[in-house]
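First comes the structure, then the notes that go with it.
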2 protein chains.
Amino acid sequence: MGIDSYRSNCERCIHTHLCEGTAANEQIAGHRLRVRRHDSLYRVGESPGNRIYCIRSGSFKLVMQRPGDAEQVIAFAMAPDFLGLNTLGAAGHTASAVALEDSEVCVIDWDRQAFRGRRQPMQRNGLHALLAGEIRRAQQATLLLHHTHSRQRMADLVLNLSQAYHSNGYSARRFRLPMSRCDIASYIGVSAECVSRLIDQFRRKGMLQLHRRDLTLLDPDALQRTAAGVEN
Amino acid sequence: MGIDSYRSNCERCIHTHLCEGTAANEQIAGHRLRVRRHDSLYRVGESPGNRIYCIRSGSFKLVMQRPGDAEQVIAFAMAPDFLGLNTLGAAGHTASAVALEDSEVCVIDWDRQAFRGRRQPMQRNGLHALLAGEIRRAQQATLLLHHTHSRQRMADLVLNLSQAYHSNGYSARRFRLPMSRCDIASYIGVSAECVSRLIDQFRRKGMLQLHRRDLTLLDPDALQRTAAGVEN
DNA sequence: CGCCCTATTGAATATAATCAACCGCCGTGG
DNA sequence: CCACGGCGGTTGATTATATTCAATAGGGCG
C-alpha cells in the first residue's frame, strides 16, 4: 500500500482547537501516515473504522465507483483539508482517497473522548461546524458542475484551485497542478481532449500559461468572467 | 411569507432517537411551520439562527444564487429529510429552501441541550451521523451531474425520485412530481426544452409515461441501463 | 536509444442550446 | 357561461459545443 506510520507533531497544526490543547494532541492524534503518489489512503467499500484524516502535506483526489467499473473524480483535497468526514454511520467508504503526490496525513480516532469534545462545548461545536462546512463544500462543488459550458467549469476549477493555494499561504497566481489532465477531465465532466483544447483556448486569449503542470494565471478577472459566462 | 406556526406532534416522527424521548420532544421541537407552495422557508443570506428543520410533509427545492442573478436548483428534499444541516458555523444561509407544494416542517433549536445530546452518546452520534449522511448525499448528487449525456442524468433523477418515494412507503412505480420541468432542467443542468424532449424520448421507448406531473415507470431496468450509459 | 505514458492536435459526428412558434390548461373577469 | 390572458410545457429548425476516433508529440526512465 505504500503507507508508512510515524509519530505526529501537532505544534504547527491549525486544527488544534478541535482537540483539547496542543500538549495533549499528540496522544489523541496518535500517529501520522505517509501515503505515496498513486497509493490509496482508503478505498471504496473498506470499513472506515471510526477514523478521520487531516491532510498535513500533499494532495488527494476522491474517487467514486460507478456501476460498471467506471471511476469518477468527485473532489480534490489538499492540506489542511479533512478526509473521511462523511464516513460516520456508514458501513463502508463511499469513495476512495488517492494521493496525487507523496503526502502525509494525521490520523484522528473518532472514538477518543478528547476529540469528540466532552469537556468543552467549543470542541463539540467545532466538530459540528467541520461537518456542516463539508456539506457546504460539497454543495458548492455541485455549483461548479452546473455550469452549462465546459469552459465555465474549467475556469471555475482553476479559480478554486488558485483560491485554495492562496488561503494556504501560497501564491494565487502561480502554482503546480498536482492532478493529471485526465483527473481534471473527470472532475469537470469532459473528455481529456477537451481539457487540452480549453487550456489552449485560455492560453491564446492570454488568460493563463501552462507548461506541463506549472500554471500561471495572467488574467484572473477574465477567468472570472469566463466562469460566470458573461463572455466567451 | 405564507408561514404559519403551531404546536408540534412528535408521536409519529421517525427522528425521535435524536431527541431525548417522545415525551420530551414536543418541548424540544417547539413548533411546526406550514410553508405554502412557492414560499421560502429561508433565503440565501438570512441568518440561520441555530435552527434546523425536519420536513414532515410536502417537499422543497434548495436553490443557490449565482453571481449575476441566475438561480440554480442544487437539491430536492421531501419528508423525512432535514433542511439547514449545512448552516452551523455559517454566517448566512448558502441556499434558499422553497416549498414545491404546501408543506410542513418541524423546527429544532440547535442550541437546546437535549437535541445536542449531552446525556446520551447515541444522540451525539446520531447528530454526527446525520451530518455525515448529508455529506454523502451531496457527494452522491455530484455523481448524478457527472453523467456525460443529459439522458443519463434524467434517468438517474427519475430513479432517485422513485427510490425516495419507495423508501418512504409510497409506490416506486407511480408518483407525482412536485417540481416543474424548469426545476428539473436546472437541477440536471439542461434547458427546459431538453427535458421535454428527453421525457418524450423515454415515453417513445416505453420506459415511462408522464401526463402533466403524474409519472408511471414502465421499465425501470431500461432506465437503469440508460442512467449507466450502456445503451442509448 | 527506445519504450511507455501522458498530453496534444485534427477531422468527422453526436449532442444539446438557442430562438421562435405554438399548445393547452387554468384562473380571472366580463 | 364564455372570452381572455398568462404560464407551464411542447415542438421545430438552426447553430454552438463537445465527443469520438485516430494520429502525433514529447518527456521520464530503464
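These numbers come from the heavy atoms of this one structure, side chains and all, not from hydrogens, waters or symmetry mates. In this text the structure is predicted, and so the values were computed from the model without any measurement. Lettering follows sequence order; numbering is per chain, from 1.
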Legend entry - Atom-to-atom span, CG of A/Asp200 to C1' of C/dT9 - whole angstrom: 9 Å

Inset, instruction - Find the distance B/Met154:CE to C/dT15:P and express it as a whole number of Å. - result: 17 Å

Legend entry - Centroid separation B/Tyr165 to B/Phe175 less than 6.0 Å: yes

Inset, instruction - Say whether A/Glu101 and A/Ser59, considering side chains only, have a donor N or O and an acceptor N or O under 3.5 Å apart. - result: yes

Inset, instruction - Nearest whole angstrom, please: distance from the P of D/dG26 to the CZ of A/Arg181. - result: 15 Å

Legend entry - Check: B/Ser186/B/Gln72 side-chain N/O donor and acceptor closer than 3.5 Å: yes

Legend entry - Whole-Å gap separating P (C/dA17) and CD1 (B/Ile188): 9 Å

Inset, instruction - Please figure out whether A/Ser191 or B/Leu210 has its closest DNA chain D nucleotide nearer the 5' end. - result: B/Leu210

Legend entry - is_close_aromatic(A/Tyr187, A/Phe76), centroid dist under 6.0 Å: yes

Inset, instruction - Between A/Thr148 and A/Glu193, just flag the one whose closest nucleotide in DNA chain D comes earlier from the 5' side. - result: A/Thr148

Legend entry - Listed nucleotide nearest any side-chain atom of A/Arg197, set C/dT8, C/dG10, D/dT11: C/dG10

Inset, instruction - Looking at every strand, decide which applies to A/Arg213 at a 4.0 Å heavy-atom threshold: base, sugar-phosphate, or nothing. - result: sugar-phosphate

Inset, instruction - Give the rounded distance in Å between these two atoms: CD of A/Gln152 and P of D/dT17. - result: 10 Å

Inset, instruction - Report which part of the nucleic acid B/Ser180 touches: base, sugar-phosphate, or nothing (heavy-atom distance under 4.0 Å, all strands). - result: sugar-phosphate

Inset, instruction - Measure the distance from CD1 on A/Ile184 to P on C/dA7 and round it to the nearest whole Å. - result: 8 Å

Inset, instruction - Spell out, as yes or no, whether a donor-acceptor pair under 3.5 Å connects the side chain of B/Asp156 to the backbone of B/Leu144. - result: no

Inset, instruction - Measure from NE2 on A/His146 to C1' on C/dA16 and round the result to the nearest Å. - result: 16 Å

Inset, instruction - Report the residue (A/His149 or A/Arg212) whose heavy-atom-nearest nucleotide on DNA chain C is the more 5′ of the two. - result: A/Arg212

Inset, instruction - Quickly work out the A/His211 NE2 to C/dT8 P distance and round it to whole Å. - result: 11 Å

